[in-house]
Asker: 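Quick one: the structure is below, questions incoming.
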Amino acid sequence: SFIHQERLGFTQKSPRWAVAYKFPAVQVTTVLRNIVIQVGRTGVITPVAELDPIECAGVVISRATLHNFDEIERLGVKIGERIIIERAGEVIPKIIKVIESVRTGKEKAFGVPKKCPACGLGVVKEKEEVAYRCINPSCPAQIERSLIHFASRQAMDIQGLGEAAIEQLVAKNMVRDFSDIYYLKKDDLLALELFKDKKAENLLESIENSKSQPLSRLIYGLGIRHVGEKVAYVLAKKFITLDKLIQAGLEDFDAIYEVGRVMAESTVRFFRQESTKKLIKKLKAAGLNIEEKISAVGKSALTGKAIVFTGELKDYSRSQAERLVRELGGNASSSVSANTDFLVAGEKPGSKYDKAKRLGVKIINERQFKEMVK
């Protein structure tokens, strides 16, 4: 009854008129055969459990992340151990506990590796962090994942430069950093598996087109720790040129509302590195755009407005819609508050929709949003 829904109302986080029931997660037992290390693009090393394949809630599971080495210690898990696993949220394989009663004494403990499995150099654990990191910025595993990020749609949008191609380029030592992408020749690409004339030409064209991407995308693509797509846009609009951003000190970030101290320190530290200076020099030589164009957009329906999106949009990805809002002088936010001007609700809206109704925020659909940005 809608009348009863309105009468009961909401708490800060949930409706008082609805209750959600979850089925208990299905748990199964299997044997942990090995623990392998994955190296992420920021150098974080993550232990992953390799399991005897076992069916759980309709899927066969053979791997499960152990998150970090503190988690291994907390679980007390060893190689050769019989364990209980479940699919957290019926999606992510998760190790719940060790079955200590069936231990044979042959199980092997697994400690923090002293060297990165991808490059052989040392690993370190920074203060106040759980993660261990590879200290080598030229680590092949980091380079691969960094290149995937750099070429992604939200960054430089280099279509055709996928994981398989990047893996081969790094393995053949054709690409050692982002800038090397811009010096590839057709013959280089034809030496890769599954590359023929047309595919090589299309990739080279996409690489060439990426040179004109806005500075905000380049900043995001560089993969600076703690700097996401939105902050990259804010930095590009604030500093206008890459050179000004590179020269900025911590005090220059203090007046930027969206940039906290951790982001500022991470950005300054990134551009102070000698490896970064060499990379930027090569990117400039390759002809990449290093300035953010100031759009001459007049006052629009979104100027000065705070916009939040929820649910699935048909004609825009979330990042495309938020970028459009910013280009038209609005502020794309991730959370609803009393200061939100519009909530754009797509299909299957989430909790933001309920909060917007509770706060009296105006809710519009995608069609109305498209009318506003015409």
Side-chain angles (χ1 to χ4, degrees), residues 40-44 124-138 142 146 149-150 152 154-156 177-179 213-286 288-297 302-308 319 322-323 325-335 337-340:
R41 69 177 177 85
T42 60
V44 172
V124 298
K125 182 173 185 282
E126 295 183 9
K127 290 181 180 179
E128 299 179 1
E129 280 200 359
V130 173
Y132 286 80
R133 298 177 184 275
C134 169
I135 60 174
N136 178 17
S138 298
Q142 289 187 58
S146 295
H149 173 77
F150 185 80
S152 67
Q154 293 80 9
M156 302 304 284
D177 60 37
F178 305 140
S179 64
Q213 291 287 7
L215 174 60
S216 56
R217 289 203 178 200
L218 176 58
I219 295 170
Y220 176 61
L222 290 173
I224 305 166
R225 283 189 67 198
H226 307 298
V227 175
E229 189 177 0
K230 181 178 179 180
V231 171
Y233 181 88
V234 170
L235 293 177
K237 290 296 182 184
K238 171 66 177 179
F239 292 100
I240 307 300
T241 71
L242 184 59
D243 287 337
K244 288 183 179 178
L245 175 59
I246 291 170
Q247 294 162 8
L250 289 175
E251 65 282 359
D252 296 307
F253 294 89
D254 290 341
I256 308 176
Y257 176 76
E258 297 88 345
V259 180
R261 194 66 176 183
V262 172
M263 292 179 186
E265 289 175 352
S266 179
T267 304
V268 171
R269 186 165 54 247
F270 177 83
F271 286 114
R272 294 290 185 271
Q273 296 176 140
E274 285 302 319
S275 57
T276 302
K277 293 177 182 178
K278 292 177 182 177
L279 172 64
I280 298 300
K281 186 176 181 180
K282 289 172 67 177
L283 289 172
K284 288 180 177 180
L288 269 70
N289 171 52
I290 56 169
E291 295 186 6
E292 187 77 4
K293 293 181 180 178
I294 302 175
S295 55
V297 177
L302 301 185
T303 301
K305 303 295 183 183
I307 315 293
V308 177
S319 60
E322 291 179 346
R323 190 180 301 118
V325 168
R326 290 191 289 264
E327 288 174 353
L328 291 175
N331 177 34
S333 179
S334 59
S335 59
S337 72
N339 296 321
T340 301

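Sequence positions, counted from 1, serve as the residue numbers for this chain. Side-chain atoms are counted along with the backbone in the values below, which use heavy atoms only and exclude waters and symmetry mates. Not measured: the values here are computed from a predicted model.
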Asker: Decide if atom NZ of K125 counts as having more than 12 heavy atoms of other residues, nucleotides or ligands within a radius under 6.0 Å.
Answerer: yes
Asker: I want to check something: taking the side chain as every heavy atom from C-beta on, are L242 and L288 in contact at a cut-off of under 4.5 Å?
Answerer: no
Asker: To the nearest 0.5 angstrom, please state how far the CG atom of L245 sits from the CD1 atom of I224.
Answerer: 6.5 Å
Asker: For residues R225 and R133, report the shortest heavy-atom separation together with the two atoms involved.
Answerer: NH2-NH2, 2.6 Å
Asker: Determine, for R269 against E265, whether the closest basic-nitrogen to carboxylate-oxygen distance falls under 4.0 angstrom.
Answerer: no
Asker: Is a side-chain N or O of T276 found less than 3.5 angstrom from the main chain of F270, in a donor-acceptor match?
Answerer: yes
Asker: Could you pull out the closest heavy-atom pair between A155 and F150, with the gap in Å?
Answerer: CB-O, 3.4 Å
Asker: Which pair of non-hydrogen atoms, one from A131 and one from V44, has the smallest distance, and what is that distance?
Answerer: CB-CG1, 3.9 Å
Asker: Are side-chain heavy atoms of K237 and I256 found at a separation under 4.5 Å?
Answerer: no
Asker: Nearest heavy-atom pair of F253 and T267: which atoms, and what distance?
Answerer: CZ-CG2, 4.0 Å
Asker: Between CD of E258 and CG of L235, what distance do you get to the nearest 0.5 Å?
Answerer: 9.0 Å
Asker: To the nearest 0.5 Å, what is the distance between CZ on F178 and CG on L283?
Answerer: 8.5 Å
Asker: Please examine the side chains of L218 and Q213, heavy atoms only from C-beta on, and report whether any two atoms are closer than 4.5 Å.
Answerer: no
Asker: Would you find a donor on one side and an acceptor on the other, under 3.5 Å apart, between the side chain of S216 and the backbone of A236?
Answerer: no
Asker: If the plane angle is over 60° it's perpendicular, under 30° parallel, otherwise tilted; pick one for H149 and Y220.
Answerer: perpendicular
Asker: Nearest 0.5 Å, please: how far is CG in N339 from CG in N331?
Answerer: 10.5 Å
Asker: Do R261 and D254 make a side-chain contact, defined as non-hydrogen atoms from C-beta onward lying under 4.5 Å apart?
Answerer: yes
Asker: With sequence neighbours excluded, tell me which residues meet side-chain hydrogen bond (donor to acceptor under 3.5 Å, both in side chains) with D177.
Answerer: S179, K282
Asker: Output side-chain donor-acceptor pairs under 3.5 Å for residues 226-234, partner residues at least two apart or in another chain, one line each.
Answerer:
residue : atom : partner : partner atom : Å
E229    : OE2  : R323    : NH2          : 2.6
K230    : NZ   : A332    : O            : 3.1
Y233    : OH   : R326    : O            : 3.3

Asker: What pairs with Y132 under ring-ring contact (aromatic ring centres under 6.0 Å, His included), at least two apart in sequence or on another chain?
Answerer: F69
Asker: Would you say that D252 contacts F239 through its side chain, given a criterion of any heavy-atom pair below 4.5 Å between the two side chains?
Answerer: yes
Asker: Is the shortest side-chain heavy-atom distance between E291 and L215 below 4.5 Å?
Answerer: no
Asker: Would you call L328 and I307 a side-chain contact if the rule is heavy atoms closer than 4.5 Å?
Answerer: no
Asker: Assess the residue pair I280 and I290 against the criterion (side chain to side chain contact (heavy atoms under 4.5 Å, CB included)); give the C-alpha distance rounded to whole Å, side-chain angles, the decisive distance to 0.1 Å, and a yes or no.
Answerer: CA-CA 10 Å; I280 298 300; I290 56 169; over 6 Å; no
